[in-house]
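This chain uses plain numbering: 1 for the first residue, then up along the sequence. Just so you know, these numbers use all the heavy atoms, side chains as well, and skip hydrogens, waters and symmetry mates. Whatever order the structure lists ligands and atoms in, that order sets their numbers, starting from 1.
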Amino acid sequence: MDTAVNTKLPKCDYEQIIFGNEFAYRGAYFRELLNLNEIRQGGEFIPSECRPEFSTAIIIPYRHRKDQLEAFIVYIHNFMRQQQIHYRIFLVEQNDEKPFNRAKLLNIGAVHAIKEKFPCLIFHDVDLFPMNVGNLYVCTAQPRHMPVYIDKYHFNVVYKDYFGGCVAMRTETFQIINGMSNLFFGWGGEDDNCFDRVKSKGFKICRFGPNYSKYMMLPHKKEIPIVHLKALMENAAKQFHTDGLNSLNYTEKIVILQPFYTHIRVEL
Ligand code: UDP
Ligand code: MN
């Protein structure tokens, strides 16, 4: 962690944050970035009043969703700073015209976060907004599926093994499962593939209850599903050990420390 963390400060009090579980989905958090001078270039935050116990990299897969991104960045910084966690936001943008490959972008974000020594990775869609501050953005021992109750699905569980939208996983766990698949160009399947990887290594999925895991999802049109998705999924399921972090190749165009996030532009 940054050497600027003051070891003389008292430890941050997370019990209070969990117990208080403030309802966050309110106007003030959307309208503007509050106290924006607290955020460092590249989208990093280190609490100044207390010593954080957690460091989290938030990794966002992205292309062509400018309005959603602007709303998300404002909201997530307002939300996360209530939690007194050290964090940094990595936006991984697909800079080519191939079908969108969410999982491969997440692998690339993970590589950057690993380089910066983050022990906890949160893979986060740009259109999901956590509603409760008690939903701490930290990693549990088991991989955690975070958006369990989403307004768009009337706050019902999407399907039993649903592992999409937002997942928190220890960096070492992500390395054990060889990251995600690089094969899913287009919409669908990559999250189920990730779920199978996690299970195949003996991990269990963890979820928080409805008081802590409600999300709002911004409306958007449905992306075009992958043709022959089922065949791809069956094929990819046999390749956990050869398809993933250890086979990741891409062209890095540029990394920019934007005022509120680290912007990684890549060609896949
Ligand atoms: N995404 C993006 N541009 C695209 C498609 C997807 O930025 O053209 C990113 C964005 O973060 C989005 C996530 O990938 O939230 C998952 O895609 P989508 O929201 O379409 O999936 P769904 O909500 O239908 O599961
Ligand atoms: Mn979505």
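Between His124 and ligand 1, no N or O atom pair is found at a separation short of 3.5 Å. For Ile60, no nitrogen or oxygen atom sits less than 3.5 Å from a nitrogen or oxygen atom of ligand 1, counting backbone and side chain alike. Among the atoms of Lys221, none of the N or O lies under 3.5 angstrom from an N or O of ligand 1. Checked by distance only, ligand 1 and Gln68 stay at 3.5 Å or farther apart across all their nitrogen or oxygen atoms.
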Determine whether Tyr29 and His77 satisfy the following criterion, ring-ring contact (aromatic ring centres under 6.0 Å, His included), listing intermediate values before the conclusion.
CA-CA 9 Å; Tyr29 281 23; His77 276 301; over 10 Å; no

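Against a heavy-atom cut-off of under 4.0 Å, Met217 is close to the following atoms of ligand 1: 23 (O). In the vicinity of Asp127, heavy-atom distances shorter than 4.0 Å reach the ligand 1 atoms 15 (O), 19 (O).
In this structure, Glu223 is part of the shell of residues with a heavy atom less than 4.0 angstrom from ligand 1. Distances from ligand 1 to the non-hydrogen atoms of Pro61 include at least one value under 4.0 Å.
Of the N and O atoms on the side chains of Asn178 and His241, not one donor lies less than 3.5 Å from an acceptor on the other residue.
Looking at Arg102 and Asp125, a side-chain N of the basic residue comes within less than 4.0 Å of a carboxylate O on the acidic one, giving a salt bridge. For Arg65 and Glu223, the salt-bridge test passes: some basic side-chain N is under 4.0 Å from an acidic carboxylate O. The existence of a salt bridge linking Glu93 and Arg63 is excluded, since no basic side-chain nitrogen approaches an acidic carboxylate oxygen closer than 4.0 Å. With salt bridges taken as basic N to acidic carboxylate O contacts below 4.0 Å, one links Arg197 and Asp243.
For His263, the ring-ring contact (aromatic ring centres under 6.0 Å, His included) partners are Tyr261, not counting sequence neighbours.
A 6.0 Å sphere centred on OH of Tyr159 holds more than 12 heavy atoms belonging to other residues, nucleotides or ligands.
Distances from atom 18 (P) of ligand 1 to the heavy atoms of Arg65, Arg102, Glu93 put Arg65 nearest.
Separation of the Tyr162 and Phe195 ring centroids does not fall under the 6.0 Å cut-off. Ring to ring, Phe123 and Phe174 are close: their centroids are under 6.0 angstrom apart.
For the Mn ion (ligand 2), the count of nearby protein N/O/S atoms, taking only those under 2.8 Å, is 2.
Judged by the 6.0 Å distance and 45° axis criteria, Arg144 is positioned over the aromatic ring of Phe208.
The protein atom (non-hydrogen) at minimum distance from atom 16 (C) of ligand 1 is Asp125 OD2, 3.2 Å. In terms of protein heavy atoms, atom 4 (C) of ligand 1 is closest to Arg63 O, 3.7 Å. Nearest protein heavy-atom neighbour of atom 6 (C) of ligand 1: Phe100 CE2, 3.3 Å.
The residue His64 has no part lying near ligand 1, judged by heavy-atom distances below 4.0 Å.
Contact of the Ile59 side chain with the Ile89 side chain is not registered, since no non-hydrogen atoms from C-beta on lie closer than 4.5 Å.
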